[in-house]
Chemist: 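The structure under discussion is supplied below as structure tokens; questions concerning it will follow.
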Amino acid sequence: MQGFPIEQVRFTDAEDQNIWDSSRLYIDGASWVWRYAVGVCRAYTEQT
């Protein structure tokens, strides 16, 4: 998501955010909202 402000793509579960409206990151064929994608990326890189 290069070029997008981090506030626009990051889902943090704030009161004014709706998880279904947030952008998703695709990791190894699966889509994740930012909040969970960071952990998935970390686990994925630790495996390889």
Chemist: Under the side-chain contact (heavy atoms from CB on, under 4.5 Å) rule, collect the residues that match up with N18, sequence neighbours excluded.
Modeler: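 With sequence neighbours excluded, N18 shows a side-chain contact (heavy atoms from CB on, under 4.5 Å) to W20, D21, given in chain and number order.
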
Chemist: Might you work through the side-chain contact (heavy atoms from CB on, under 4.5 Å) test for I27 and Y36, ending with a clear yes or no?
Modeler: CA-CA 11 Å; I27 304 166; Y36 304 109; over 6 Å; no

Chemist: Under the rule for side-chain contact (heavy atoms from CB on, under 4.5 Å), what residues qualify as partners of A14, not counting sequence neighbours?
Modeler: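 Counting only residues at least two positions away or on another chain, A14 forms a side-chain contact (heavy atoms from CB on, under 4.5 Å) with T12, D16, Q17.
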
